[in-house]
Amino acid sequence: MLKSSVSSEFKKRRKKLYSADPGSVFIFPSAQELLRNPDVYFNFRQESNFYYLSGFDEPESLLVLAPKEDGDFQSVLFVRERNIEKEIWEGERYGADRAVSVFGMDSAFLVEEFDEKFLELLAHAKKVYHRLGQSKDFDERLMTLLEKKRASVGRSGKGLLPIFDPSEALGEMRLIKSEEEISLLRKAAVISAQAHVAAMKETRPGMNEAEVEALIDYVCRKNGCQRMGYGSIVAGGKNATTLHYRANNEKLEDGTLLLIDAGGEFDYYTADITRTFPVGKKFTEAQAEIYDLVLKVQKEAISMVKPGANYQEITDRAFEVLTEGLIELGLLKGNKKDLFEAKAYKRFCPHSLGHWLGMDVHDVGLYQKDGSSRPLEPGMVFTIEPGVYCQPGDQDVPERYRNIGIRIEDNILVTKDGSEVLTLNVPRERADIEN
Ligand SMILES: [Mn+2]
């Protein structure tokens, strides 16, 4: 279904980006359709930066922000032509007219006109912003156009317009979420939480991981998510010790745990939730010991989140608590300080504590500024997801802990006075899960 209008935020974002370096031309190609096998394409999803700046979700398109003679700028969209025959097969297209009226562009042209129009759009440009290395074809096309532009001014002694990467400027914009973005993230979180709760309720010994994955997909789609934000991990028993387990096709056994890492995507914003719960009715003692430790680490980390807090300090504190706990369980042996400094916990938790979250599950934005971890600011959203994984073949681990993989992951918004956990609708206390 086509949209009749989009939020005015898209326009504001274009203005903000252009204002970061006025006098520059910014170019964003859309995502391309990817062939899966003959005549069949993978489901299309727009490239995140392109969508962030336009709200436009068709392939084979280009967005250009270009300076005008008067110092202001214009937003120009290049789109596929309306084509009755193609639309019978693939569905209705916006076409150039509606690209202007629906998406608030200054003008729109057919994508076939790009080369010719782009040279005109370069007229007042001092620099070009384009992320090189994504498409060799497009990079080459751009170089050819820039060379054409250079040659067109005759013998001037001037070089090519320089090319800069817009990723960092956009990353900083996308890192701080607006109210509108937060409400989309909240929606994704609420729906994904429902999906996790459904999985907890329905999972029984003897079911296949695939069934649980299908249930999560179903609940997310039924409630308005267009797709999952990433490939769900539905890992029973020892499969949970494979960090990016994706096969999701084994039978679930009583007495083991099920780790589910899944989040639905709502209007291009995704949740990223992990819960680990018993396939049967109760945690075993060994499972409970590790579970309680992971939850303790997660709670400690979340309690530290507030504006001005330093992400590295939160990470350090979390892994310090983890180290203490691993020593208590007999999984690490030695002096706490030495073990922490040697990062001995990495054997049980090889991944980091979390990541930015937004349109991309591993969202954009710098983690460090001026060489050190940046302070948190209101509007930042990220995950906190400690885990402990005892590998099946690790002979140094007491047998009762082997094959156990536990991760607990929530999505945290930094607010003016502290933080808000967006994903708390999924139980994480052991007693609540068992109920
Ligand atoms: Mn995550």
Side-chain angles (χ1 to χ4, degrees), residues 45 48 171 174-175 177 181-182 184-197 199-200 212-213 216-217 220 225 227-235 239-246 248 257-266 268-277 291 294-295 297-302 304-305 311-312 314-315 318-319 322 345-346 348-367 373 376 380-389 405-414 419-428:
R45 181 192 185 270
S48 294
R174 280 173 52 190
L175 177 57
K177 273 72 181 172
E181 291 181 288
I182 289 166
L184 295 175
L185 279 165
R186 198 169 264 136
K187 190 94 195 188
V190 166
I191 295 170
S192 304
Q194 277 178 277
H196 277 264
V197 170
M200 270 183 198
V212 182
E213 181 180 13
I216 288 171
D217 283 359
C220 286
C225 288
R227 58 185 83 83
M228 301 306 290
Y230 54 95
S232 304
I233 298 173
V234 182
N239 295 337
T241 63
T242 303
L243 296 177
H244 285 166
Y245 177 73
R246 286 287 294 117
N248 300 354
L257 297 176
L258 177 60
L259 180 153
I260 300 177
D261 184 343
E265 185 180 293
F266 188 88
Y268 280 82
Y269 288 80
T270 190
D272 182 6
I273 305 176
T274 307
R275 286 294 185 270
T276 313
F277 59 88
Y291 190 90
V294 176
L295 186 57
V297 172
Q298 203 219 19
K299 284 183 174 171
E300 176 81 13
I302 291 175
M304 293 173 74
V305 177
Y311 193 74
Q312 189 58 47
I314 297 174
T315 299
F319 286 129
L322 183 65
Y345 55 83
K346 286 245 172 247
F348 297 99
C349 183
H351 57 71
S352 58
L353 186 66
H355 49 82
W356 305 134
L357 181 71
M359 299 184 79
D360 298 329
V361 60
H362 293 168
D363 208 31
V364 292
L366 296 171
Y367 284 85
S373 179
L376 297 176
M380 288 178 171
V381 177
F382 56 92
T383 68
I384 292 188
E385 50 178 308
V388 168
Y389 315 90
I406 292 172
R407 176 164 69 251
I408 308 171
E409 174 175 32
D410 282 290
N411 305 159
I412 327 291
L413 163 71
V414 185
S419 73
E420 181 190 336
V421 183
L422 302 176
T423 44
L424 272 192
N425 296 352
V426 207
R428 50 175 193 173

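Numbering of ligands and ligand atoms starts at 1, following listing order. This chain uses plain numbering: 1 for the first residue, then up along the sequence.
There is no side-chain donor-acceptor pair under 3.5 Å between Y268 and R45. Side-chain atoms of H244 and Y230 include no donor-acceptor pair closer than 3.5 Å. In this model, no donor atom of one side chain and acceptor atom of the other lie less than 3.5 Å apart for T383 and D272.
Between the CD1 atom in I384 and the NZ atom in K299 there is a gap of 13.5 Å [rounded to 0.5 Å].
Here 4 is the count of protein N, O or S atoms positioned under 2.8 Å from the Mn ion (ligand 1), waters not counted.
In this structure the side chain of L175 reaches within 4.5 angstrom of the side chain of M380, judged on heavy atoms.
Every residue two or more places apart in sequence or in another chain that forms a side chain to side chain donor-acceptor pair (under 3.5 Å) with Y269 is listed here: E181.
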